[in-house]
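Heads up, the thing below is written out as structure tokens.
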Amino acid sequence: MYKIINVTGKWLWIWLIASNIHAQNRLDIDVSKIGAPIQSTMYGLFFEDINYGADGGLYAELVKNRSFEFPDRLMGWRIFGNVSVLEGSPFERNPHYVRLKYPGHPHKHTGLENEGFFGIGVKEKAAYRFSVWARVPDGQESKMRVELIKNDTQEETQVFTSKELVINSKEWKKYEVVLESPRTEAKAHLRIFLTSRETVDLEHVSLFPVDVWKGQENGLRRDLVEALAAIKPGVFRFPGGCIVEGTDLDTRYDWKKTVGPVENRPLNENRWHYTFPHRFFPDYFQTYGLGFYEFFRLSEDIDAEPLPVLSCGLACQFQNDDPSAHVPVLELAPYIQDALDLIEFANGDVSTKWGKLRADMGHPKPFNLKYLAIGNEQWGEEYPEHLAPFIKAIHGKYPNINIIGSSGPGSEGEQFDYLWKEMRQLKVDLVDEHFYRPESWFLAQGARYDQYDRKGPKVFAGEYACHGRGKKYNHFHASLLEAAFMTGLERNADVVYMATYAPLLAHIEGWQWRPDLIWFDNLRVMKSSSYWVQYLYGNNKGTNVLNLTMDGKPVTGAAGQNGLFASAAWDQNEKSVILKIVNTSDTPQRILFNFKGLKKKEKLTPLETITLNADRDAENTLDNSELIKPVTSAFKLQDGNILDADIEGNTFLVLKMLKE
């Protein structure tokens with residue numbers, strides 16, 4: 001028998017005499033019977049452009065309002081000298097551009113200064129690619145200065161890097177120059193001004209780090225993608241969320257506007273810029289620079305199944321009571337065609353219209369789309385009425401596409417039950433459940449899926465997070481209860497096929513919703529305690545469920561189980577047993593693990609133990625980002641099938657053992 005004790009934060013394993021030990025809680029794990037498969041998609045990511053998650057976040061563009069299409073054409077810019085905004089750029093969907101003219105005196109200047117997203121973060125010795133579409137109307141050569149400046153200082157080093165750019169064509173052309181920063185600045189500005197007298201027109205002014213994820217053009221912020229990839233997500237849901245619906249249909253997320261040349265992707269209103277009066281950002285829009293092609297490419301890069309969400313013709317029902325705000329069922333043909341065209345864009349041969357566009361964008365190989373969600377948090381009779389013709393058309397042409405329907409915004413109740421009934425009748429493949437709920441709810445949900453219909457649609461827990469009252473970011477107790485809840489997902493892998501925490505990203509200065517999985521500023525990334533819960537599940541998933549019981553019952557934290565939650569998995573690839581145990585109580589719990597079903601010559605050999613624990617109210621911050629993180633230890637285990645452990649209070653523990 002073996003005991004785990006906590007000494008100065010390290011787990012030690014001590015050989016004890018089995019006959020003299022009494023365990024308070026006995027868990028039986030049957031390693032002989034391999035249970036339901038755990039889907040590769042079980043643990044994944046959900047992305048929505050909220051909290052400046054796209055522009056100003058994952059999308060690495062550093063210039064705000066780069067094409068001068070915000071309602072206030074110069075929002076985000078400060079101008080000086082002779083600057084005007086005109087129409088007639090080379091890009092139909094972004095018609096505005098700026099004209100810089102000689103200010104009339106050799107000691108005056110004409111130019112622009114961009115504030116970025118809460119400033120422009122640059123790092124010492126890092127390179128930044130400035131690009132612009134430009135022309136000289138009179139056909140002469142003109143010169144400009146491109147600078148990175150610290151705008152809030154009077155010191156002589158206000159300008160800390162600059163380059164000259166020569167514009168030499170009467171026709172619109174793309175020009176580039178690379179700036180290297182000699183120092184780190186969290187809130188730099190970009191400044192551009194004429195250094196000659198010839199008039200210059202500018203459109204799509206852009207600044208990207210050279211060091212983006214995988215060096216991809218129109219790229220993503222590398223440190224954020226690395227954090228996402230480390231979770232090893234099985235599915236990636238995009239682009240939202242409520243932005244899919246739009247406050248009205250005109251502002252719904254239209255995937256066709258997000259593909260093709262980035263310079264010609266139009267601006268869209270972001271509904272989150274005004275939804276929360278306590279965090280109002282009137283300059284929060286979507287450039288569509290991070291579009292469906294980039295989402296598919298990211299899914300491929302991080303080895304996650306892409307799961308796009310499309311509008312079903314219903315605008316956000318929270319904001320629209322009038323039926324006229326929605327598309328009548330008989331007029332859904334364009335929306336249904338959008339769904340069919342998206343499948344062609346993702347999977348079609350290069351000989352097809354949309355498959356060719358994908359190839360022209362740099363990806364001839366199909367993205368192998370398998371899942372498609374229609375609608376977000378819709379409810380009422382109108383939702384199944386709108387969904388039905390989508391299902392008929394999609395399954396009629398693409399029978400292998402798995403369609404995901406919604407159970408509405410609630411986690412239970414009359415509408416929830418009604419929609420589940422309707423989803424069964426419509427024969428959707430998965431039902432998307434959402435629950436942003438308090439700690440008491442998560443603590444009571446250990447057995448949520450134990451009684452679900454095994455023959456009906458599968459479950460996609462598409463948006464969930466434990467909300468601790470009065471907490472700022474992600475305090476540990478809420479994350480611990482998410483870990484406890486997730487043991488129930490894993491134990492019921494024959495019913496639950498997908499789960500994604502939400503929201504994913506939040507800029508520390510631009511947040512509107514909390515908690516969030518990952519927080520960041522212009523230079524740094526903070527992985528919350530909830531992030532580490534997702535990380536531990538994604539990296540220790542297993543391939544099949546193993547039966548684990550306490551007194552013959554599932555370990556769900558129910559009365560008499562001392563606040564314990566647990567699940568067990570078998571990893572066919574590693575030939576290992578993976579146990580996840582969550583002690584939600586404040587006191588240590590003595591557990592006796594009894595491994596049943598080992599053959600005579602079989603034994604369990606330890607691989608590692610991973611511990612995540614902290615004070616209940618502890619939380620990571622950008623200034624103390626590693627206060628809470630997993631600790632991995634090796635341990636020795638002799639032959640036997642019984643393990644005795646003392647697990648500290650408020651602890652999530654992962655145990656891995658090799659079966660030989």
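In this chain, numbering begins with 1 at the start of the sequence shown. These numbers come from the heavy atoms of this one structure, side chains and all, not from hydrogens, waters or symmetry mates.
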F318 and W379: aromatic ring centres closer than 6.0 Å? yes
Going by ring-ring contact (aromatic ring centres under 6.0 Å, His included), name the pairs with one or both residues in residues 214-242, residues two or more places apart or in two chains. F236-F238, F238-F292, F238-F295, F238-F296
So, R265 and T287: side-chain donor and acceptor under 3.5 Å apart, yes or no? no
Flag for E61-S206: side-chain donor and acceptor within less than 3.5 Å: yes
Go through L504 and D516 one step at a time and tell me if the side chain to side chain contact (heavy atoms under 4.5 Å, CB included) criterion holds. CA-CA 6 Å; L504 181 61; D516 303 283; over 6 Å; no
Intermediate values then yes/no, side chain to side chain contact (heavy atoms under 4.5 Å, CB included), T41 and L307: CA-CA 10 Å; T41 56; L307 199 173; over 6 Å; no
Salt bridge between E245 and R252, side-chain N to carboxylate O under 4.0 Å? no
Run through Y537, F485, Y535, W532 and flag the one making a ring-ring contact (aromatic ring centres under 6.0 Å, His included) with F652. Y537
Is it the case that D586 and N650 place a side-chain donor and acceptor less than 3.5 Å from each other? yes
Can you classify the ring geometry of H467 versus Y436 as parallel (below 30°), tilted (30 to 60°) or perpendicular (above 60°)? tilted
Are F117 and H507, when compared by the centres of their aromatic rings, separated by less than 6.0 Å? no
Flag the pair E185 and K187 as a salt bridge only when some basic side-chain nitrogen lies within less than 4.0 angstrom of an acidic carboxylate oxygen. no
Verify whether the ring centers belonging to F70 and F285 lie closer than 6.0 Å. yes
Decide yes or no on ring-ring contact (aromatic ring centres under 6.0 Å, His included) for H273 and F281, but give the supporting numbers first. CA-CA 5 Å; H273 73 177; F281 292 99; 9.7 Å; no
Polar contact flag, side-chain donor to acceptor under 3.5 angstrom, E433-S407: no
Show me the pairs that pass salt bridge (charged side-chain N to carboxylate O under 4.0 Å, His left out) and involve residues 223-242, at least two apart or across chains. R221-D223, R222-E226, R237-D432, R237-E463
Going by atom types only, do S567 and E490 share a side-chain donor-acceptor pair under 3.5 Å? yes
Looking only at side chains, do N474 and E619 share a donor and an acceptor under 3.5 Å apart? no
Lys/Arg N to Asp/Glu carboxylate O, R271 vs E48, below 4.0 Å: no
Within a reach of under 6.0 Å around CD of E124, are more than 12 heavy atoms found that belong to other residues, nucleotides or ligands? yes
Could you label the plane-to-plane angle of the Y284 and Y52 rings as parallel, tilted or perpendicular, counting under 30° as parallel and over 60° as perpendicular? parallel
Going by atom types only, do Y464 and E482 share a side-chain donor-acceptor pair under 3.5 Å? no
CG of D303: more than 12 outside heavy atoms within 6.0 angstrom? no
After noting the C-alpha distance and the side-chain angles of T621 and D623, does the key distance pass the side chain to side chain donor-acceptor pair (under 3.5 Å) rule? CA-CA 5 Å; T621 65; D623 293 326; 5.4 Å; no
For the residue pair W272 / D49, report whether a side-chain donor-acceptor contact shorter than 3.5 Å exists. no
Do K458 and D429 sit within salt-bridge range, that is, some charged N less than 4.0 Å from a carboxylate O? no
Pair K541 + D571: basic N to acidic O under 4.0 Å: no
Let me see the working for Y288 and Y293 under ring-ring contact (aromatic ring centres under 6.0 Å, His included), right down to the final yes or no. CA-CA 10 Å; Y288 279 157; Y293 175 79; over 10 Å; no
Do we see a donor-acceptor contact under 3.5 Å between the side chains of N218 and E294? yes
Charged N-O contact under 4.0 Å between R297 and E300: no
